[in-house]
Each structure stands twice: as C-alpha cells, then as structure tokens.
Amino acid sequence: MNIIIQRLNGLWHLIVGSCQIRTPFLETQDRELVVAYARRVYPGAKIFERD
C-alpha cells in the first residue's frame with residue numbers, strides 16, 4: 001500500500017488510494033510526526049511526500 005503525505009489548507013493530509021484523510025497535525029509541525037502517525041495507522045505501507 002502506498003501513502004502520500006501532503007500539505008493542504010494549513011494541515012497535513014494522508015492520501016490513501018483515492019481517499020484523502022486529514023491528520024490532526026498543522027502544516028508548521030515536523031513531517032516526521034506525520035510519518036510516524038501514518039506508520040502507526042498503516043503499518044508496512046510505503047510513505048511518499050508530495051508538495
């Protein structure tokens with residue numbers, strides 16, 4: 001499974017397939033927090049970043 005993390009409207013979002021999931025992290029927070037969150041929710045997934 002591939003997950004893309006993206007900054008959008010001041011928040012980080014996870015894009016899983018065709019679903020876009022808003023995370024509780026603000027855009028100003030570190031990307032590492034979002035990656036750790038995504039790994040916890042979707043173990044074993046490949047995580048990419050889109051700007």
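Quick note: residue numbers are just sequence positions, from 1.
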Fill in: Within one Ile-Leu-Val-Met-Phe-Trp-Tyr cluster: V16 and V35, side-chain cutoff 4.5 Å
yes
Item to complete: List the steps, then state whether side-chain contact (heavy atoms from CB on, under 4.5 Å) holds for W12 with Q6.
Response: CA-CA 6 Å; W12 285 98; Q6 179 180 18; 6.0 Å; no
Which donor-acceptor pairs under 3.5 Å do the side chains of residues 38-45 make with protein atoms, sequence neighbours left out?
none

Response to the item:
Here the gap from I21 atom CD1 to I15 atom CD1, rounded to the nearest 0.5 Å, amounts to 10.0 Å
Discussion item. Applying side chain to side chain donor-acceptor pair (under 3.5 Å) as the test, list every pair that has at least one member in residues 23-32; sequence neighbours left out.
Written reply: R31-E49
Item to complete: Would you list the pairs meeting ring-ring contact (aromatic ring centres under 6.0 Å, His included) in which at least one residue belongs to residues 18-41, sequence neighbours left out?
Response: F25-Y37
Worksheet item: In the hydrophobic clustering that connects Ile, Leu, Val, Met, Phe, Trp and Tyr at side-chain heavy-atom distances below 4.5 Å, which members other than L8 occupy its cluster, ordered by chain and number?
Response: none
Worksheet item: Going from CZ on R7 to CG on L26, what distance comes out if it is rounded to the nearest 0.5 angstrom?
Response: 11.5 Å
Worksheet entry | Rounded distance [0.5 Å steps], CZ in F48 versus CD1 in I5 | 11.0 Å
Item to complete: Please list, chain by chain and in numerical order, all residues satisfying salt bridge (Lys or Arg N to Asp or Glu O under 4.0 Å) with R22, sequence neighbours excluded.
Response: none
Worksheet item: Please walk me through it: do L14 and V34 pass side-chain contact (heavy atoms from CB on, under 4.5 Å)?
Response: CA-CA 9 Å; L14 301 179; V34 183; 4.2 Å; yes
